[in-house]
Amino acid sequence: MWWVLPALAMLAGAVPASAQGNYEIQVYGADTVAPKSTMIELHSNFTAKGQKYLIDGVYPTNHQEHETIEITQGLTSWSEVGFYIFTSEQKGHGVQWVGDHIRPRVRAPDSWHWPVGVSLSTEVGYQRAVYSPDTWTWEIRPIIDKYIGRWYVALNPALERTWHGPDTRHGVGFSPGVKVSYDFSRQISGGVEYYADYGQLGAFDSLHNQQQQIFVVTDLNVSPKWEINFGVGVGPTAGTDHLIVKGIIGRHFNWKKESPLD
Amino acid sequence: MTVASAALGGRVQQIAPADYNIDIAAYVLEAGPRRNIRTIAYNSQIPGPLLRLREGQPVTIDVTNHTTSSEVVHWHGLFLPPEVDGAMEEGTPAIPAGGQARYTFTPRPAGFRWYHTHTFAGKDLHKGQYTGEHGFLLIEPRDHPGRYDQEIFLALHDWGSELLASADGAMDPAYEVSTINGRVLGFGEPLRVKTGQRVLFHILNSSPTEVHWLALAGHPFRVIALDGNEVPQPQLVPMVRLAPAERVSALVEMNHPGAWVLGEVRKHIMAAGMGIAVEYAGSSGKPRWEQPDSLSWDYLRFAATDPASPSEAIALPLVFASKFAGHGAMDHWTINGKSYPETAGPMLNAGQRYRLSFINHSSNDHPVHLHRHSFELRRLPGHSEIHGILKDTVLVDANTQVEVEFTANNPGPTLFHCHQQNHMDAGFMMLLRYA
């Protein structure tokens, strides 16, 4: 989920260094949460070096601390629905509610025997104008992933559309995410995650104004119940926050009474 | 004295016709409606033909390999010399693609055994034990131990495997279809019985990797033998558990007329097809299933009741552990820190008794099998010494220890391995040698 990026494309075109908000920084894997179980995740992202000025009524991102709660409920063995609560904490603004999103997702069931994991999510939501000029946005995200021995690759070629806000006229934006990681052990994996927003399909922004970020990340697989991810990301282009530290901690809750007979 | 040989050649020298012929060839199993499985079978049937042999009476079996890969047939649970036992690691010659072999041996000991392929599958989940290459082998004793009216042989198998992520972070085979005698529940003929009959079920788990629990609705099993060897204490049980390669022989009194389901106790496995109808004469209709509310099985119940005598066997600890190979791969396996062929097996002295301690440091259960010998269960997790149960395969649960004893009375290289195909292929094997 990289929903603020397209909204900022407009600003990026207007100013040398655009504002940017990062609330959930994650390349999705194709698997879905099992039925009768819930995944609760806390995404904590701190912009160590970002936009320092108020631009068109949008708060600067520099030293913003974003806390996002993501609640995902498994529906069937091939579908789930996720719900997000975005918040921001910043000196002078305190803790603020930013917005909410909802994200249904389906995947290719195991019985299809596809050689790669494939799922499709769509996300709709609102965010306050002081955090993003585009207040209503929609995203559709194909997700493809594959484990090969110790290697893991995930691709998220997401398409985004603004329903309300200055970017409404800009059509569909292309915001891919890629993850490549390596299993150092059963518990520790490490790799890189790449996030981008190239701008409108068919009329990409100049490289200078594109959103480009690369994170060095580690995943800790300490238990099937827990999901832990840490990373540090840099944004080399003018349209990107330059240094972000992110962390995800998630916990699976199984509501189904476990029986060896099932 | 055992007479054994495995003659090999482009064509077997037909000095005399064999007692049995086994043709290994591609086969399409019709496991159920729209469930056709392309596999390999013995004599175009799954399970392969039942081989009824007489204890001590030499037998000749010609095997022809019509496939495009090397094959070998392992005679599981028999006390055979290594050159005919059916494991290339011990020295039995492989049967090349298009080739033939003649196995000549003297079958012993009496009891319910089986035969199956003993080839490497690796990542190809359509080879080795993933195929239909298995069959029943019954060595008739000179004197029969029990009275029964009908004998029924059942093989449990799983098909359509693919690698899926498991809870331990590695990939493991998972299956789409589970069958009894190659058919899913409701497809194929029911087992036909009569009121008042004593039916002797010989049940084999030929699954490449899966443990199975089996119950017959409305009827308990009286277990009389494990892995073909009579148990000291036959017991009435509501269900039987079989790890891959294990066998259970159990009597059932047919005293509850109707149509019943004999099937896997776990719901998702029965839903995948593992079940068969049992129909009394004069009964018809939809077979009934009574879902048990728990799983129950314990080898201990069948052990001798008199105190076990102190052991004077030489201790041989074998520590089982996994080696992580990535979240996208199956684990590798070690015995005492090494994977086959680097595993350093102990040197055995003929006539000596040994105690093998299976110390499972992994989070997986392992059905371990010793070739060409039987062993006696001596210690199970949480219990004191036991004795009297002879087996050739035993399930060692995750993070537990099981101890068995055997007498080194069949010289020659002896293979020891986990009978899960994916484990033995990934290093979980060891060759024990005689001095």
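Residue numbers begin at 1 in each chain, while the letters A, B, ... track the order of the sequences.
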Examine whether an atom of [X] lies under 4.5 Å from a heavy atom of chain B, and if so say whether it belongs to the side chain, the backbone or both; otherwise answer neither.
X        : answer
A:Ser185 : backbone
A:Asp262 : both
A:Pro224 : side chain

With a 4.5 angstrom heavy-atom cut-off, is it the side chain or the backbone of B:Leu164 that approaches chain A, or both, or neither?
side chain
Engaged part of B:Gln291 at the chain A interface, taking heavy atoms whose separation is under 4.5 Å
side chain
Just verifying a value: how many Å separate [X] [atom1] and [Y] [atom2], rounded to the nearest 0.5 Å?
X        : Y        : atom1 : atom2 : answer
A:Ile188 : B:Phe324 : CD1   : CZ    : 11.0 Å
A:Leu261 : B:Arg266 : CG    : CZ    : 9.0 Å
B:Asp168 : A:Arg186 : CG    : CZ    : 5.5 Å
B:Glu162 : A:Asp110 : CD    : CG    : 6.0 Å
A:Ser189 : B:His327 : OG    : NE2   : 4.0 Å

Who wins among B:His268, B:Met270, B:Met330 for the most heavy-atom pairs under 4.5 Å with chain A?
B:His268
Between B:Leu295 and A:Pro260, which heavy-atom pair has the shortest distance, and what is it?
CD1-CB, 3.7 Å
Does NZ belonging to B:Lys127 count more than 12 external heavy atoms closer than 6.0 Å?
no
